Amino acid sequence: MFNYLEEQITARLIQLGWSTEQLQFSRPKKIENGDWATNIAMTLARALKRSPLQIAEELMTDIDLDSAIVEKFQIVKPGFINFFQSADYLTAQLKHILHARENYGKNDFGAGKTAQVEFVSANPTGPLTVGHGRQTVLGDTLASILTWSGYAVTREYYFNNAGRQMRLLGESLKSRYLELQGHSVVLPDGGYEGTYLIDVARNLLAEQPDLDQNSAVDIFKDFAEKSIFSIIKTTLKRIGVVHDVFFNERSLYETGKIDEVLDILQKKGLLYKKDGATWFKTTELGVDQDRVLVKSSGEPTYRLPDIAYHREKIVRGFDLVVDVFGADHIDAYPDVLSALKVMGLENEHIKVVIHQFVTLLRSGEVVKMSTRKANFVTLDELIDEVGVDVVRYFYIMRSGSSHLNFDLDLAKRQTEENPVFYLQYAHARISSIFRRARERGLEPDDENADLTLLDEEFTVALINEALEFPEVIDHCRRALEIHHLPGYLFSLATALHKFYTEYKVIDLDNPELSRARLALLKAIQITLRNGLDILGISAPDQM
RNA sequence: GCGCCCGUAGCUCAGCUGGAUAGAGCGCUUGCCUCCGGAGCAAGAGGCCACAGGUUCGAAUCCUGUCGGGCGUACCA
């Protein structure tokens, strides 16, 4: 309907010689204001120097709208033009849902295009924490939205298994290992204190009992990396996340990509040496201070491989690149993007999604988390407590740009009244009605149901709610924000529950109406299930 | 100091590119199960949308400033 109105009104505007630039439609909040509305008469008022009402009148005279789609329109006080959809349109759309089934809500915006979503990207120094969880679910769901928008999506995990932190990890493991052998040792300064390393050390001791004080740190480092990565991957799998590519930073060195970046920047005259380090003249790119790319020790800072990695993303030819970062990366990505730009690379298709941190509350108090200090709560522990469905929903129900208060006690205690169960209950309730209908000999028959019978108030409201699903998907894709989807599903469930309390679906005295309502419920269930599917939350038939 | 995010009901938060009487959940008060699952529905109380200016037909939304809170501002990642 939206597309149709846009076409028709645009044509009429052109006919009158008026600008189409500001044409937009919205769904009015109040049902008495119709199904779609435009404010074009008001936005044109200034340029045309006429009153909005006059403009609306002239615009809408002699316009010929298809009565199969638009039942009527109204011109209202300040200058809105409100459109009311026809009953035929409603039933046609309902049929569309029933036919589209598991594809309902998909669109072809990204058809033939590729997208890459980089998320999690935690280095293998410890198990994923509650903090990582937000990014994990955010990135995965975003990737699903892109898939539903037609893109061929690559989920990617970028990691670094070299450098100071990893060496520290190796040393920490070595201490734990020697400790198990009965030596009294102290953890290295700033080392990893987490008890998970004791388990890792135990495994290493079982596999290689002959290591000692003189064994190379690398042996421990490699074992730690392997073990911890296995822990991380198990957690990811558990929460329903599968990455297509694990990109090792080291490969950028091995293939000479790091040096290539340095060469290019050198030729552009953007590098200089100071105090034995190589500096990047970011001040010339509008940043307040220059940044170090290669430390005086010869080791690069994280910025250099980041630039090289993003250069690779461009070279690999993705049409859309989405980086999901925590707020602590806020300062790094402008440097990366501007570096790409000075290297002559197009970076408009790289979108950075920054999410704010998760504040973990335990007994009403803020828990400060640090992987090194080991006073963190792991994602696994959280899943143990409340389950995958609740965890996933909790992480994406809020906008990524606002801080998320994760109240552990509440999450554990409140499972009974959690919004997740509200959604799942709506789905299960429909399944239950289907079971009941079959018991009574009413076999759902979408094809032959007379959908024109569905004209009561709350029924129409429910159908309209379901019709918004594709718009919500589109909105999520445009904004790269997914919290609209759980919010939408919640109101869809509300409309369903309201419908349920208002009307009886199974009525053996009125099989025609029953069949129509069963078809409607089928469409609602399809919509709910598709939405939950995107969120990675199960849609149970009974609870 | 500078950069980014946030400030909306008692609490946690929605409010899409400016639109019509600012919404939801939780909590509180009160109704609704002889009937398809009450993990539900309905009603009520509760708001100077942090503050002050500006832009315009119209601002919670855009701009400027102020005040609060968070995260950065490393030769850590």
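Values in this document were obtained by computation on a predicted structure and should not be read as measured data. Letters A, B, ... are given to chains in the order of the sequence lines, protein chains preceding strands, and every chain is numbered from 1.
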Using distance only, find each side-chain donor-acceptor pair of residues 485-494 of chain A under 3.5 Å and give its atom names and separation, not counting sequence neighbours.
from      : atom 1 : to        : atom 2 : distance (Å)
Tyr488(A) : OH     : Glu465(A) : O      : 2.6
Tyr488(A) : OH     : Phe469(A) : N      : 3.4
Ser491(A) : OG     : Glu465(A) : OE2    : 3.1
Ser491(A) : OG     : Tyr488(A) : O      : 2.9
Thr494(A) : OG1    : Tyr422(A) : OH     : 2.9
Thr494(A) : OG1    : Phe490(A) : O      : 3.0

Please name all residues satisfying ring pair (Phe, Tyr, Trp, His ring centres under 6.0 Å) with Phe458(A), sequence neighbours left out, ordered by chain then number. none
Face-to-face stacking of Phe80(A) with A20(B), centres under 5.5 angstrom, angle under 30°: yes
Parallel, tilted or perpendicular: rings of Phe83(A) and Phe73(A) (30°, 60°): tilted
From the list [options], which nucleotide is the closest neighbour of the side chain of [X]?
X         : options                : value
Arg46(A)  : U21(B), U56(B), C36(B) : U56(B)
Lys29(A)  : C41(B), A20(B), C36(B) : A20(B)
Pro28(A)  : A20(B), C6(B), A39(B)  : A20(B)
Val505(A) : G40(B), C36(B), A24(B) : C36(B)
Thr501(A) : A20(B), A39(B), G40(B) : G40(B)
Ser402(A) : C16(B), C13(B), G40(B) : C13(B)

Using nucleotides 75-77 of chain B, report all nitrogen or oxygen pairs with the protein that are shorter than 3.5 Å.
from   : atom 1 : to        : atom 2 : distance (Å)
C75(B) : O2     : Ser296(A) : N      : 2.7
C75(B) : O2     : Ser296(A) : OG     : 2.7
C75(B) : N3     : Ser296(A) : OG     : 3.3
C75(B) : N4     : Asp275(A) : O      : 3.3
C76(B) : OP2    : Lys295(A) : NZ     : 2.6
C76(B) : O2'    : Gln165(A) : NE2    : 3.0
A77(B) : OP2    : Tyr302(A) : N      : 3.4
A77(B) : O3'    : Asn123(A) : ND2    : 3.3
A77(B) : O3'    : Asn160(A) : ND2    : 3.2
A77(B) : O2'    : Asn123(A) : ND2    : 3.0
A77(B) : N6     : Tyr302(A) : OH     : 2.8

Report all interatomic pairs (protein N or O, nucleotide N or O of nucleotides 8-12 of chain B) with separations under 3.5 Å.
from   : atom 1 : to        : atom 2 : distance (Å)
U12(B) : O3'    : Asn405(A) : ND2    : 3.3
U12(B) : O2'    : Arg398(A) : NH2    : 3.4
U12(B) : O2     : Arg398(A) : NH2    : 3.4

Any side-chain N or O of Tyr500(A) less than 4.0 Å from the OP1 or OP2 oxygen of G38(B)? yes
Contact class for Thr43(A) vs. all strands (heavy atom < 4.0 Å): base, sugar-phosphate, or nothing? base
Can you check C26(B) for me, syn or anti if syn means within 90° of 0? anti
Secondary-structure string, 5' to 3', Watson-Crick or G-U under 3.5 Å, | for another-strand partners, for RNA chain B: (((((((..((((.....[...)))).(((((.......))))).....(((((..]....))))))))))))....
For Arg250(A), what residues pass the salt bridge (charged side-chain N to carboxylate O under 4.0 Å, His left out) criterion, not counting sequence neighbours? none
